[in-house]
Novice: 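Sharing a structure with you now.
Residue indices begin at 1 and follow the sequence shown. Note that the coordinates shown come from a computational prediction; the quantities given were computed from them, not determined experimentally.
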Amino acid sequence: MTRWPGYLLRGVVGLAGAFVVWLGAVWPPPVWYRTHWPAETAFQEMRRADERAGDRMVGWTDARHGPPSASARLYHPVPLDSIAPSMVEAVIAGEDQRSRDHQGIDWVNLRRALGYDRDEFRWGSSRDRRDLLHALSHAWARRDRLRGASTITQQLAKNLYLSPSRNPLRKVKEAVTAWRLEAALDKDRIMELYLNTVELGPEVWGVDAASRLYFKHPARSLTLQESALLAGELPFPLRSNPGYRPGRMRYRQQLILAHLRGEAVAIPPDSGLADAPDSIIPAPAIDSLPPMPAESLSQLLPAGQ
């Protein structure tokens, strides 16, 4: 009598167990970061490997602010109370407006990014299930919006442990790791780690390093305008920074400032700014950025925002 059903079952169980181990296998474990700073994040290691492989570091053309090499990496973490509160608020406004309410995944924002716009979902409702399946069937077409639904905790999980790969399994691990970070750390520590490890230019890591490079003072002295400018680089700082396409950065800065003033503006993901004219800010250096033109934000917003 053949025993293949038993072998198949053991194989499936073994693969499932291996998958669970893979999901949970992050080192050091999130609880380590309650009291320690990362010596080198996964993203920093990836950038260093790219440079060793001879890959050109894109996104920096201004010689006055030319990128340091990986051997001269700008990275020096500071406590949250050494960062201006305006920086925290600007990042929340630009990246994750519900950061204080979710547990790593913003399900409300995720549903909206998928195109499921109702505020509730019930498995017992055939209409809800039908509408959700319809939204999921169009997920690939809305992938840019889904990337924009990533929370600060998810971005931290990616920075600390993972890579920018869009592989669906990698995104699953990002979500699980974000949940583990939320379980192990409080909101202030998550924000503290994020602000100190976020990439803000080629080999510029964390807001204190960026503040000292761009504005010549520590992060505790950041003004609201400066904080919004740094937050305007995110989530893709190599595509928009003081030395490369600064108009996009300043464009997002103005949207963030408008949101903080209480104006009803939508802040699109970076991909939504592909048509934003770089001529908004022609100067490549921070210290010579002219004021924003007088046009209203409604004129500058991409169609549909």
Novice: Run Leu156 and Thr177 through side-chain contact (heavy atoms from CB on, under 4.5 Å) and show every step you take.
Specialist: CA-CA 9 Å; Leu156 177 61; Thr177 305; over 6 Å; no
Novice: Can you tell me how far CG of Leu185 sits from OG1 of Thr35, rounded to the nearest 0.5 angstrom?
Specialist: 10.0 Å
Novice: Check step by step if side-chain contact (heavy atoms from CB on, under 4.5 Å) holds for Ser150 and Glu174.
Specialist: CA-CA 10 Å; Ser150 179; Glu174 178 187 289; 3.9 Å; yes
Novice: Looking at every non-hydrogen atom in both residues, tell me the closest pair between Arg252 and Gly94 and how far apart they are.
Specialist: NH2-O, 3.6 Å
Novice: Atom CD of Gln155 and atom CD1 of Ile152: how far apart are they, to the nearest 0.5 Å?
Specialist: 7.0 Å
Novice: Could you check whether Arg239 makes a cation-pi contact with Phe236, meaning its NZ or CZ is under 6.0 Å from the centre of the six-membered ring and within 45° of the ring axis?
Specialist: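 Yes, cation above the ring, under 6.0 Å and within 45°.
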Novice: For Glu40, check side-chain hydrogen bond (donor to acceptor under 3.5 Å, both in side chains) against everything at least two apart and list the hits.
Specialist: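 Applying side-chain hydrogen bond (donor to acceptor under 3.5 Å, both in side chains) to Glu40 gives Arg48, Arg73.
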Novice: State, to 0.1 Å, how close Glu95 and Pro235 come at their nearest heavy-atom pair, and which atoms those are.
Specialist: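 Smallest heavy-atom distance, with atoms named: OE1-CB, 3.6 Å.
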Novice: Is there side-chain contact between Val198 and Trp205, with heavy atoms separated by less than 4.5 Å?
Specialist: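 No - every pair of side-chain heavy atoms lies 4.5 Å or more apart.
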Novice: Mind checking whether Leu160 and Val31 sit in one hydrophobic cluster, side chains of I, L, V, M, F, W, Y counted as touching below 4.5 Å?
Specialist: no
Novice: Say you draw a straight line from CG of Asn241 to CD of Glu233; how long is it, rounded to the nearest 0.5 Å?
Specialist: 5.5 Å
Novice: Which residues pass the side chain to side chain contact (heavy atoms under 4.5 Å, CB included) test with Ala209, not counting sequence neighbours?
Specialist: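 Side chain to side chain contact (heavy atoms under 4.5 Å, CB included) list for Ala209, sorted by chain: Leu74, His76, Val204.
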Novice: So, using side chain to side chain contact (heavy atoms under 4.5 Å, CB included) as the criterion, who are the partners of Ala93 when residues are at least two apart?
Specialist: Ile256, His259, Leu260
Novice: Residues two or more places apart in sequence or in another chain: which of them pass side chain to side chain contact (heavy atoms under 4.5 Å, CB included) with Gln103?
Specialist: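 Only Glu182 meet the side chain to side chain contact (heavy atoms under 4.5 Å, CB included) criterion with Gln103.
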Novice: Would a hydrophobic clustering, with Ile, Leu, Val, Met, Phe, Trp and Tyr connected at side-chain separations under 4.5 Å, put Tyr33 with Trp179?
Specialist: no
Novice: Could you tell me which residues satisfy side-chain hydrogen bond (donor to acceptor under 3.5 Å, both in side chains) with Asp96, sequence neighbours excluded, listed by chain and number?
Specialist: His102
Novice: Supply the atom-to-atom distance Leu213 CG to Glu203 CD, rounded to the nearest 0.5 angstrom.
Specialist: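 The distance works out to 12.0 Å.
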Novice: Kindly compute the distance separating CE (Met249) from CG (Leu229), expressed to the nearest 0.5 Å.
Specialist: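 Nearest 0.5 Å value for the CE-CG distance: 4.0 Å.
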Novice: Trp32: which residues meet the ring pair (Phe, Tyr, Trp, His ring centres under 6.0 Å) condition with it, sequence neighbours left out?
Specialist: His36
Novice: Are Asn196 and Trp37 packed together at the side-chain level, in the sense that at least one heavy-atom pair is separated by less than 4.5 angstrom?
Specialist: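 Sidechains of Trp37 and Asn196: in contact.
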Novice: Output all residues satisfying side chain to side chain contact (heavy atoms under 4.5 Å, CB included) with His217, sequence neighbours left out; order by chain, then residue number.
Specialist: Ser211, Phe215, Ser221, Leu222, Glu226
Novice: Report the C-alpha distance between Tyr194 and Val91 in whole Å, list the side-chain angles of each, state the deciding distance to 0.1 Å, and finish with yes or no for side-chain contact (heavy atoms from CB on, under 4.5 Å).
Specialist: CA-CA 10 Å; Tyr194 176 77; Val91 165; 3.6 Å; yes
Novice: Under 3.5 Å, side-chain donor or acceptor atoms of residues 78-90 against the rest of the protein: list the pairs with distances, not counting sequence neighbours.
Specialist:
| unit_1 | atom_1 | unit_2 | atom_2 | d |
| --- | --- | --- | --- | --- |
| Ser82 | OG | Arg220 | NH2 | 3.1 |
| Ser86 | OG | Ser227 | OG | 2.8 |
| Glu89 | OE2 | Arg100 | NH2 | 2.8 |

Novice: For Leu193 and Pro38, which heavy atoms make the closest approach, and how far apart are they?
Specialist: CD2-CD, 4.0 Å
Novice: What is the minimum heavy-atom distance between Ser99 and Lys187, and which atoms define it?
Specialist: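 Scanning both residues, the minimum pair turns out to be O-NZ, 2.7 Å.
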Novice: For the pair Arg47 and Glu199, find out whether any cationic side-chain nitrogen is under 4.0 Å from an anionic carboxylate oxygen.
Specialist: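 Looking at Glu199 together with Arg47, the answer is yes, because their closest N to O distance falls below 4.0 Å.
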Novice: If I take atom OG1 from residue Thr151 and atom CD1 from residue Ile190, how far apart are they, to the nearest 0.5 angstrom?
Specialist: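 If we round to the nearest 0.5 Å, Thr151:OG1 and Ile190:CD1 are 8.5 Å apart.
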Novice: Run the side-chain hydrogen bond (donor to acceptor under 3.5 Å, both in side chains) check on Gln44 and Tyr75 step by step: do they pass?
Specialist: CA-CA 10 Å; Gln44 290 170 348; Tyr75 170 57; 4.9 Å; no
Novice: I'd like to check the salt bridge (Lys or Arg N to Asp or Glu O under 4.0 Å) partners of Arg189; sequence neighbours left out, ordered by chain and number.
Specialist: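 Testing Arg189 for salt bridge (Lys or Arg N to Asp or Glu O under 4.0 Å), a comparison that skips the adjacent residues, returns Glu192.
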Novice: Taking C-beta and beyond as the side chain, do Tyr214 and Leu230 meet within less than 4.5 Å on heavy atoms?
Specialist: yes
Novice: Closest approach of Gly104 and Gln154, non-hydrogen atoms and distance?
Specialist: O-CG, 3.5 Å
Novice: Do Thr153 side-chain atoms and Ala178 backbone N/O form a donor-acceptor pair below 3.5 Å?
Specialist: no
